[in-house]
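Atoms within a ligand are numbered from 1 in the order they appear, just like the ligands themselves. Computed from a prediction, not measured in an experiment: that's the story for all the values here.
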Amino acid sequence: MSKKISLTRYLVEQQRMDGHIPAQLRLLLEVVARACKRISLTVNKGALGGGLGSAETENIQGEMQKKLDIIANEVLIEANEWGGHLAAMASEEMDGIYIVPNRYPQGEYLLLFDPLDGSSNIDVNVSIGMIFSVLIKPEGPGVSAQDFLQPGNQQVAAGYCVFGPQTTLVLTVGDGVAMFTLDREQGSFILTAENMHVPDDTQEFAINMSNMRHWDAPVKRYIDECLQGKDGPRGKDFNMRWVGSMVADVHRILTRGGVFLYPWDKREPDKPGKLRLMYEANPMGWLIEQAGGAASNGKQRILEVQPGKLHERVSVFLGSKNEVQRIARYYSEA
Ligand code: AHM
Ligand code: MG
């Protein structure tokens, strides 16, 4: 790329292009990016920044919270509550919604986030990230958790930030997927890839294999065929990668293709899956679709799943289109 394009310039140009994004949405995305820079600094300091270790508290999902889960959540709320662009926020780390306090103007957007994705990787210096999704508050007075319960196809912006060897922000406003890399000397995100594309085919899958005995038949069939490689029905060898941070696994897939699976399993049969629909699967699903891939729960497009509650869970199959379609076919044949 000959001249450097900052995130600010990219968003201003998006705003100018046929009013592609409204000014308030541009502000929102800039504020989210600024919060990501702050979280990135804390992540980079590691043990020196007081961000490692357990907070000794549990979130609504019954998961132990790490100090960094709570720090990142606070950074995102503080950064976003005063700008006048939001009506309310929802997070993996908060039971209910956070309504913008009365002392600040209320905007028309709703922001959802997983402030720190891949929490089990924080203390071992492996890539982690944050994921976000933006919806428009339905018309009417006040704001309630009900206002958030919109399917993913209603998102107006979505993205994630990976805190890895590089800090990388990836986003969509419904016009393809763009990637920005944090230039630490300048303190700004610089455009480093546009129109990211997930190849239709792949020879790489990502799944937590230790859960194999708990999977249902279609997932067992799909992975079994991958493992048979050249000698099996697929006629080609597959490679496996599993970072254990969805952001890092999805980032790899957006960069070079692949398929990511977090299926329903028998460990918790009453839950539709481990990952959360509204602030993990929906934003990632939309990004992958915007890059030409597919995202399904095995039975329907993730973006068409109607959420029944804020912290709803879902099975996730996303990435290279032909693999995701194959898994969906195995479900329909089962
Ligand atoms: P988190 O948001 O609490 O970090 O949990 C979600 C993470 C995903 O990033 C990742 O894909 C998955 O959980 C890893 O699960 P497992 O521990 O089964 O490997
Ligand atoms: Mg997560």
Any non-hydrogen side-chain atom of Ser133 less than 4.5 Å from a side-chain atom of Tyr279?
no
Close side-chain approach of Gln150 and Pro307, heavy atoms under 4.5 Å:
no
Against heavy atoms of [X], which atoms of ligand 1 measure under 4.0 Å?
| X | result |
| --- | --- |
| Ser245 | 9 (O) |
| Asp114 | 2 (O) |
| Glu280 | 2 (O), 6 (C) |

Minimum distance, heavy atoms only, to [atom]: which one of [options] is it?
| atom | options | answer |
| --- | --- | --- |
| atom 7 (C) of ligand 1 | Asp249, Val243, Asp117 | Asp117 |
| atom 4 (O) of ligand 1 | Gly118, Ser210, Gly129 | Gly118 |
| atom 12 (C) of ligand 1 | Met130, Glu92, Lys274 | Lys274 |
| atom 5 (O) of ligand 1 | Met246, Arg276, Met284 | Arg276 |

Side chain or backbone of Ser119 under 4.0 Å from ligand 1, or both, or neither, by non-hydrogen atoms?
both
Contact region, Tyr279 to ligand 1, non-hydrogen atoms below 4.0 Å, reads neither
So, is Ser120 polar-close to ligand 1, with some N/O to N/O distance under 3.5 Å?
no
Evaluate the ring planes of Trp242 and Phe260, with Trp represented by its six-membered ring, and classify them as parallel (under 30°), tilted (30 to 60°) or perpendicular (over 60°).
parallel
Specify whether Tyr10 and Phe180 have parallel, tilted or perpendicular ring planes, treating 30° as the upper limit for parallel and 60° as the lower limit for perpendicular.
perpendicular
State whether the number of non-hydrogen atoms from other residues, nucleotides or ligands found under 6.0 Å of Glu58 atom CD is greater than 12.
yes
Neighbour count >12 (heavy atoms, 6.0 Å) for atom CD, Gln166:
no
Hey, do the aromatic rings of Tyr331 and Phe317 have their centres closer than 6.0 Å?
yes
